[in-house]
Amino acid sequence: MTRRNARTSASVLAGDTTTTTSAPAQAITPPSTFTDGLPLPRKIVFDLDYTLWNCWCDTHVTPPIKRTADGLTITDRRGQSFGFYPDVAGVLRWIKSQGIILGAASRTHTPELAREMLSLLKVPGTEAKSALSMFDHLEIYPGSKVTHFEKLKKKSGIQHEEVLFFDDESRNRNVESLGVVMYLVRDGVSREEVDAGVRIWRERKGRTKREGGIDAEEESE
């Protein structure tokens, strides 16, 4: 059974319709790797399904959809509700505050629905009108994510070696053949997952020292 089929079985057959909503951005402290003075990726890219929100939008969401009054969730034709994982607003806010390019790479079979969900969901605690407006680049369509990242590179001009990618499916590690570092998310992106991903990116790219050439361990001695 694939990771996708396992998720579909758990949510549909078991009737799991738990709705997640993002906490206000200011309630989430910055990832520690964003304040330790060490290098950060120039671009961070997120998958959407089971990475930023708790569903497969091409499987669990039945259009038409509408935004709830507070904008923290959307509801579909069947009355099911969907929203971001709790730390998402804070994570997006802190990424943008660092001047990091923010991208999305999804292989969903309903790209227009995914974009509509991003356009309806708000990011509480930020001035953004919607989550969609926070992203610099979007690549949302079926197929290998190698294609997604080649197009993201052309759009941003940022080399693959400067990119960190968060995704919940191990099959998408094939983007690492390009030089991208992928971190496998297990239960939705969180502040802790971002820290873990940044640390792995630093280790693999040999970026564990500050610009002055001193690393964290040397400074603490």
Side-chain angles (χ1 to χ4, degrees), residues 3-4 7 20 22-23 25 28-34 38-57 82-108 111 114-115 117-118 121 123 131-132 134-141 143-153 155-156 158-205 207:
R3 186 176 178 87
R4 173 169 185 159
R7 279 246 166 84
T20 57
S22 183
I28 308 300
T29 56
S32 61
T33 51
F34 282 25
L38 296 176
L40 291 169
R42 292 182 60 196
K43 180 167 63 180
I44 291 179
V45 180
F46 292 103
D47 172 47
L48 298 177
D49 296 339
Y50 285 107
T51 300
L52 293 186
W53 53 51
N54 67 327
C55 66
W56 290 99
C57 62
F82 306 95
F84 289 130
Y85 286 105
D87 284 4
V88 167
V91 165
L92 297 184
R93 173 198 181 196
W94 288 114
I95 287 173
K96 298 300 288 186
S97 74
Q98 296 294 316
I100 297 170
I101 299 297
L102 181 60
S106 169
R107 59 194 305 166
T108 180
R115 287 176 180 269
M117 289 175 67
L118 287 174
L121 286 169
V123 184
L132 183 67
M134 297 191 74
F135 285 84
D136 298 291
H137 305 293
L138 299 171
E139 293 297 323
I140 305 175
Y141 42 81
S144 170
K145 289 194 178 179
V146 170
T147 300
H148 294 62
F149 277 86
E150 290 286 22
K151 291 185 177 181
L152 285 170
K153 179 183 175 183
K155 287 181 176 180
S156 67
I158 295 175
Q159 298 300 309
H160 295 309
E161 290 74 17
E162 296 290 336
V163 179
L164 173 60
F165 176 41
F166 292 89
D167 196 301
D168 71 304
E169 290 191 271
S170 58
R171 63 175 174 170
N172 293 318
R173 285 193 187 278
N174 61 350
V175 302
E176 293 194 332
S177 64
L178 300 172
V180 172
V181 170
M182 177 183 144
Y183 180 81
L184 187 65
V185 173
R186 292 298 184 183
D187 295 298
V189 72
S190 67
R191 175 184 176 277
E192 291 75 20
E193 298 268 23
V194 171
D195 271 333
V198 170
R199 292 188 184 106
I200 288 175
W201 176 83
R202 288 171 175 171
E203 292 170 4
R204 292 188 187 175
K205 301 304 178 183
R207 306 291 295 277

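Scope of the values below: all heavy atoms of this structure, side chains included, with no hydrogens, waters or symmetry mates. Along the sequence shown, residues are numbered consecutively beginning with 1.
- The heavy-atom pair separating Asp168 from Asp49 by the smallest distance is OD1-O, 3.1 Å.
- Tyr50 contributes atom OH, which lies 6.5 Å from atom OH of Tyr85 (distance to the nearest 0.5 angstrom).
- Side-chain contact between Trp201 and Ile44 is absent, with no heavy atoms from C-beta onward closer than 4.5 Å.
- For the pair Ala114 and Ile140, the tightest heavy-atom approach, listed with the atom from each and the gap, is CB-CG2, 4.0 Å.
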Test log, rule side-chain contact (heavy atoms from CB on, under 4.5 Å), inputs Val181 and Ile200: CA-CA 8 Å; Val181 170; Ile200 288 175; 4.0 Å; yes

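- Judged by distance alone, the side chains of Arg115 and Thr108 never bring a donor and an acceptor atom under 3.5 Å apart.
- Look at Glu176 and Lys145 and you find no salt bridge, because none of the NZ, NE, NH1 or NH2 atoms lies under 4.0 Å from a carboxylate O.
- Residues Met117 and Cys55 are in side-chain contact: their nearest non-hydrogen atoms beyond the backbone lie under 4.5 Å apart.
- Using a distance-only test at 3.5 Å, with no hydrogens or angles considered, a donor-acceptor pair links the side chain of His148 to the main chain of Ser106.
- With rounding to the nearest 0.5 Å, the separation of NE2 in His137 from OG in Ser156 is 5.0 Å.
- With ring centers used as reference points, Phe165 lies under 6.0 Å from Phe149.
- Annotation: side chain of Glu162 is in contact with side chain of Arg207 (closest heavy-atom distance under 4.5 Å).
- Taking the side chain as every heavy atom from C-beta outward, Val123 and Met134 approach each other to under 4.5 Å.
- With contacts defined as side-chain heavy-atom distances shorter than 4.5 Å, the pair Leu52/Asp47 does not qualify.
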Trace of the side-chain contact (heavy atoms from CB on, under 4.5 Å) decision for Thr33 with Arg202: CA-CA 10 Å; Thr33 51; Arg202 288 171 175 171; 3.7 Å; yes

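- The pair Asp87-Arg93 does not count as a salt bridge, with every side-chain nitrogen at least 4.0 angstrom from each carboxylate oxygen.
- In this structure, the separation between CZ on Phe84 and OG1 on Thr51 is 12.0 Å, given to the nearest 0.5 Å.
- Looking at heavy atoms from C-beta onward, Arg42 lies out of side-chain contact with Val163 at the 4.5 angstrom threshold.
- When all heavy atoms are compared, the tightest approach of Arg186 to Glu193 is N-OE2, 3.7 Å.
- Put simply, the side chain of Ile158 does not reach to within 4.5 Å of the side chain of Lys153, judged on heavy atoms.
- For residues 173-199, the ring pair (Phe, Tyr, Trp, His ring centres under 6.0 Å) pairs, not counting sequence neighbours, are Phe166-Tyr183.
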Stepwise salt bridge (charged side-chain N to carboxylate O under 4.0 Å, His left out) check, Lys155 with Glu150: CA-CA 9 Å; Lys155 287 181 176 180; Glu150 290 286 22; over 6 Å; no

side-chain contact (heavy atoms from CB on, under 4.5 Å) assessment of Ser177 paired with His160: CA-CA 10 Å; Ser177 64; His160 295 309; over 6 Å; no

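- Note that the CD1 atom of Ile101 and the CG atom of Asp136 stand 4.5 Å from one another [nearest 0.5 Å].
- Evaluation of the ring-ring contact (aromatic ring centres under 6.0 Å, His included) rule for Phe34 yields no partner, not counting sequence neighbours.
- At a cut-off of 3.5 Å, with distance as the only test, a side-chain donor of Arg191 or Thr29 sits close to an acceptor on the other residue.
- The heavy-atom pair separating Ala23 from Ala89 by the smallest distance is O-CB, 3.3 Å.
- Between the CZ atom of Phe46 and the CG atom of Asp167 there is a distance of 11.0 Å, given to the nearest 0.5 Å.
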side-chain contact (heavy atoms from CB on, under 4.5 Å) assessment of Arg107 paired with Glu139: CA-CA 8 Å; Arg107 59 194 305 166; Glu139 293 297 323; over 6 Å; no

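- Leu152 approaches Ala105 most closely through the heavy-atom pair CD1-CB, 4.4 Å.
- Nearest heavy atoms, Ser170 versus Leu184: N-CD1, 3.7 Å.
- In this structure, Ser22 OG and Leu121 CG are separated by 9.5 Å, a value rounded to the nearest 0.5 Å.
- Leu118 has its side chain within reach of Leu138: a pair of non-hydrogen atoms, C-beta onward, lies under 4.5 Å apart.
- A donor-acceptor pair under 3.5 Å is formed between the side chain of Trp94 and the backbone N or O of Ile28.
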Worked verdict on Arg199 versus Ser32 for side chain to side chain donor-acceptor pair (under 3.5 Å): CA-CA 10 Å; Arg199 292 188 184 106; Ser32 61; 3.1 Å; yes

